[in-house]
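It should be emphasised that the depicted structure is a prediction, and the values quoted were computed from it without experimental measurement.
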Amino acid sequence: MLPKTKSKPKHTLSDLTALVYGPSKIGKSTWCSKADDALFLATEPGLNALEVFQTPITCWDDLLQACAEIAEGKHEFKTIVVDTMDNAYKMCSDYVCKKFKIEHESDLGYGKGYALINNEFQRVINKLAFLPYGLILISHSQERDIETRTGKHTRIVPTLPEKARKLVTGLVDLILFCDLDMKTGEDGKPVWQRVMRTKPSPNYDAGDRTGRLPEVIPLDFSSFMKAFNNTAAGAAASAARPKPEPTASAAAKPQQ
């Protein structure tokens with residue numbers, strides 16, 4: 001049970017888990033469609049303009065069935081995309097309410113209904129994340145007032161309920177916020193560019209557990225992979241580079 005060697009860092013996107021979120025129609029699904037051998041678990045319509053492998057998910061039982069078939073491994077897919085997590089969570093809530101014959105999660109009292117939903121949601125997402133495939137979770141974005149020790153401020157976060165948002169953001173390796181970035185054009189007029197923000201900020205959720213990505217990347221998959229692979233190759237080359245031999249003067253220097 002206990003390991004005898006250390007695990008190695010993952011070097012490909014199809015080994016990682018990511019949350020991609022942002023405003024509607026900014027290009028989240030299009031970006032995900034470029035991932036290696038992607039399978040969409042489509043919990044909402046919206047893929048009509050894309051040529052992708054997709055399985056319609058209309059209820060939590062559909063998602064459980066799809067996850068079971070994915071886990072069997074009798075397919076060629078390398079990346080699983082849940083589009084969107086917001087609808088998946090709603091389906092999970094409906095599933096738990098139906099199972100316990102209640103109309104609303106608050107009907108069980110003392111927060112028990114919410115706990116059952118979050119436990120079931122976490123159970124399934126954790127199992128998906130442990131499978132040997134890349135996992136990309138899509139959500140929309142919203143502005144939310146956040147209370148801190150220094151006061152209240154507005155922060156952009158995924159549209160998942162608070163508990164589910166914390167479960168997902170704590171699970172994934174990458175939190176990629178799709179946004180618009182304004183620059184000044186040659187004519188002095190503002191030019192808007194679609195970007196991904198990858199680093200933590202007081203103003204939005206984002207994060208990069210790999211440490212490989214620049215803070216802002218153009219929102220297209222080729223730019224992302226170029227940045228991801230360049231940094232990975234640099235890190236690998238740096239790790240493989242032999243350490244310089246100490247100079248004679250350094251070797252002769254007495255230790256303090």
Side-chain angles (χ1 to χ4, degrees), residues 12-58 62-63 66 70 75-91 125 128-129 133-143 156-160 165 168-169 171-183 190-199 204-208 210 212-232:
T12 63
L13 184 61
S14 58
D15 288 326
L16 301 179
T17 57
L19 169 66
V20 177
Y21 80 102
S24 297
K25 297 180 175 55
I26 197 171
K28 302 183 293 294
S29 298
T30 300
W31 187 91
C32 294
S33 72
K34 308 298 182 184
D36 280 353
D37 299 315
L39 168 66
F40 277 73
L41 304 183
T43 65
E44 65 179 36
L47 298 173
N48 294 334
L50 297 175
E51 183 177 2
V52 295
F53 290 98
Q54 60 173 300
T55 296
I57 303 295
T58 61
D62 285 353
L63 186 66
I70 291 167
H75 56 81
E76 301 296 326
F77 301 113
K78 295 180 180 176
T79 307
I80 309 303
V81 183
V82 182
D83 188 0
T84 63
M85 288 301 292
D86 310 274
N87 272 7
Y89 186 85
K90 178 66 170 61
M91 291 173 185
I125 299 305
L128 265 179
Y133 310 107
L135 178 62
I136 303 178
L137 312 173
I138 297 179
S139 180
H140 298 295
S141 61
Q142 64 179 342
E143 292 185 352
I156 302 175
V157 300
T159 46
L160 286 163
R165 180 179 74 85
V168 170
T169 55
L171 169 79
V172 297
D173 300 303
L174 304 171
I175 304 171
L176 305 173
F177 170 42
C178 304
D179 192 19
L180 293 174
D181 193 33
M182 191 197 77
K183 293 184 177 179
V191 177
W192 293 94
Q193 181 187 21
R194 295 181 309 144
V195 298
M196 272 185 159
R197 304 190 188 277
T198 73
K199 302 301 183 186
Y204 50 80
D205 281 358
D208 169 23
T210 71
R212 298 173 180 173
L213 298 172
E215 185 169 352
V216 181
I217 311 172
L219 180 55
D220 71 79
F221 195 75
S222 59
S223 295
F224 176 90
M225 289 308 300
K226 183 178 180 181
F228 186 84
N229 290 331
N230 280 349
T231 314

Side-chain heavy atoms of [X] within contact of [Y], under 4.5 Å:
X	Y	result
M85	I125	yes
L174	T198	no
L16	F228	yes
R194	L180	yes
V168	P158	no

Item to complete: Answer yes or no: are there more than 12 heavy-atom neighbours, outside E215 itself, under 6.0 Å from its atom CD?
Response: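 No, not enclosed.
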
Discussion item. Around atom CD of Q193, are there more than 12 heavy atoms from other residues, nucleotides or ligands closer than 6.0 Å?
Written reply: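 Check passes, neighbour count above 12.
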
Discussion item. Is it the case that the side chains of S139 and D86 hold a donor-acceptor pair, with the cut-off being a distance below 3.5 Å and no angle test?
Written reply: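 Looking only at side-chain atoms, S139 and D86 do form a donor-acceptor pair, the distance falling under 3.5 Å.
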
Fill in: side-chain hydrogen bond (donor to acceptor under 3.5 Å, both in side chains) partners of residues 26-35, not counting sequence neighbours, each pair once
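Checked against side-chain hydrogen bond (donor to acceptor under 3.5 Å, both in side chains) - neighbours excluded - the pairs reaching residues 26-35 are S29-D83.
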
To the nearest 0.5 Å, what is the distance between [atom1] ([X]) and [atom2] ([Y])?
X	Y	atom1	atom2	result
L47	F53	CG	CZ	13.5 Å
N229	R212	CG	CZ	8.5 Å
H140	L160	NE2	CG	10.0 Å
T84	I57	OG1	CD1	12.0 Å
I70	I80	CD1	CD1	4.0 Å
L41	L39	CG	CG	5.0 Å

Where do [X] and [Y] come nearest, in terms of heavy atoms and distance?
X	Y	value
C32	I138	SG-CD1, 3.6 Å
T43	M91	O-CE, 3.6 Å
K199	Y204	O-CE1, 3.6 Å

Worksheet item: Should D37 and E76 be marked as a side-chain contact (heavy atoms from CB on, under 4.5 Å) after you check the CA-CA gap, both sets of side-chain angles, and the distance that decides it?
Response: CA-CA 7 Å; D37 299 315; E76 301 296 326; 5.8 Å; no

For residues 17-25, which side-chain N or O atoms pair as donor and acceptor with protein atoms under 3.5 Å away, sequence neighbours left out?
| unit_1 | atom_1 | unit_2 | atom_2 | d |
| --- | --- | --- | --- | --- |
| T17 | OG1 | D173 | N | 3.1 |
| T17 | OG1 | D173 | OD2 | 3.2 |
| Y21 | OH | I156 | O | 3.3 |
| Y21 | OH | D205 | N | 3.1 |
| Y21 | OH | D205 | O | 2.6 |

Practice prompt. Start with the C-alpha gap between L213 and L176, add the side-chain angles, then the distance that decides, and say whether side-chain contact (heavy atoms from CB on, under 4.5 Å) holds.
Written response: CA-CA 10 Å; L213 298 172; L176 305 173; 4.2 Å; yes

Worksheet item: Judged by atom type as modelled, is there a donor-acceptor pair below 3.5 Å linking the side chain of D36 to the main-chain atoms of S14?
Response: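 No, the answer is negative, given that no donor and acceptor are paired below the 3.5 Å cut-off.
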
Worksheet entry | Side chain K78, main chain A35, donor-acceptor under 3.5 Å |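 Not confirmed, K78 side chain does not pair with A35 backbone.
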
Discussion item. Ring centroids only, cut at 6.0 angstrom: are H75 and Y133 within range, meaning strictly under it?
Written reply: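 Centroid separation for H75 and Y133: below 6.0 Å.
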
Discussion item. Between K226 and I217, is the side-chain contact (heavy atoms from CB on, under 4.5 Å) condition met? List the steps.
Written reply: CA-CA 10 Å; K226 183 178 180 181; I217 311 172; over 6 Å; no

